[in-house]
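Working notes for the structure below.
Computed from a predicted structure; not experimentally measured.
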Amino acid sequence: MIPFGLAEPQIKQRYLNFLEANSLALIEHLQQLFATPLQNDVLSAEVQIFIQEDRMEIPEIWIYYSGVQNKISATPAEQIYAGQSFEIKIDFKKTFALAVEYYQNSHYHHIFADLAKQWFAICWWKACGWQYTIPCQVHTHDYGDANTIQLTAKVAQQKK
């Protein structure tokens, strides 16, 4: 249990230690993702990090693929198609318990969101994602600093 009253740098370091302890599971999952073929119409991907109000220590990570003609299907595909989205599920091996007072201050939700986004980006790159065949970026949803991190060498073309 992380007791209430720790200095912010101490909380950040403990949260980063928690995330880092779970990095291998994320990196392995990402390597499997990168090995999955993309259909030709997939043009880009976007990763969003969600921080839950009642469980802010466990980030939810979703990836969304886009293309010219997005489609929706409930059938699992052998290739990733435009319009497909799914959660990048991580089985967090190590737990991270916080004193209830931390949940009552949304400031910590923002801190955890930004740290989770940075951790995800580092894991993406460690999994060799910089060379992913389509442009991809990560940002947080609702919480965090609203900045985007470019995950790949390829950058999405701006629409004119």
Rounded to the nearest 0.5 Å, what's the gap from CD on Q31 to CG on L26? Could you check? 10.0 Å

Within the side chain of Q84, is there an N or O that forms a donor-acceptor pair under 3.5 Å with the backbone of Y64? no

Where is the tightest heavy-atom contact between A146 and T140, given as atom of each residue plus distance? N-OG1, 4.5 Å

For A82 and V42, the nearest pair of non-hydrogen atoms, with its separation, is N-CG2, 3.4 Å

For residues L16 and W125: do they belong to one hydrophobic cluster (side chain heavy atoms under 4.5 Å, members Ile, Leu, Val, Met, Phe, Trp, Tyr)? yes

If you look at every heavy atom in H29 and I88, which pair is closest and at what distance? CD2-CG2, 3.1 Å

Quick check for you: to the nearest 0.5 Å, what is the distance between L24 atom CG and I90 atom CD1? 11.5 Å

Do the side chains of I11 and L6 get nearer than 4.5 Å, heavy atoms only? yes

Taking only residues two or more places apart in sequence or in another chain, which ones pass side chain to side chain donor-acceptor pair (under 3.5 Å) with S66? none

Can you sort out the partners of Q79 under side chain to side chain donor-acceptor pair (under 3.5 Å), two or more places apart, ordered by chain and number? none

Quick one: CG on L30 to CD1 on I61, what's the gap to the nearest 0.5 Å? 8.0 Å

Can you name the nearest heavy-atom pair linking S44 to I134, along with the distance? C-CD1, 3.6 Å

Between CH2 on residue W130 and OG1 on residue T152, distance to nearest 0.5 Å: 6.5 Å

Would you check, one step at a time, whether the test side-chain contact (heavy atoms from CB on, under 4.5 Å) holds for V68 with D41? CA-CA 6 Å; V68 177; D41 62 341; 5.6 Å; no

State plainly whether one hydrophobic cluster holds both F86 and Y132, where clusters connect Ile, Leu, Val, Met, Phe, Trp and Tyr through side-chain heavy atoms under 4.5 angstrom apart. yes

Please report the closest heavy-atom contact between D142 and H110, naming both atoms and the distance. O-CE1, 4.2 Å

Taking atom CD of Q69 as the centre, report whether more than 12 heavy atoms of other residues, nucleotides or ligands fall under 6.0 Å from it. no

Do I111 and Y15 have side-chain heavy atoms sitting under 4.5 Å apart? no

Nearest 0.5 Å please: distance from the CG atom of N70 over to the OH atom of Y81. 10.0 Å

Spacing of I80 atom CD1 and I63 atom CD1 [to the nearest 0.5 Å]: 7.0 Å

Do F18 and F92 come within less than 4.5 Å of each other through their side chains, counting heavy atoms only? yes

Correct closest heavy-atom pair for L33 and W124 would be CD2-CZ3, 4.4 Å

Counting only N and O atoms by type, is there a donor-acceptor contact under 3.5 Å from the side chain of T148 to the main-chain atoms of H139? no

Per-pair distances, 0.1 Å, donor-acceptor, side chain in residues 113-123, under 3.5 Å, sequence neighbours excluded:
from	atom 1	to	atom 2	distance (Å)
D114	OD1	D145	N	2.8
D114	OD2	D145	N	3.3
K117	NZ	D145	OD1	2.7
K117	NZ	N147	O	2.7
W119	NE1	L19	O	3.0
W119	NE1	S23	OG	2.8

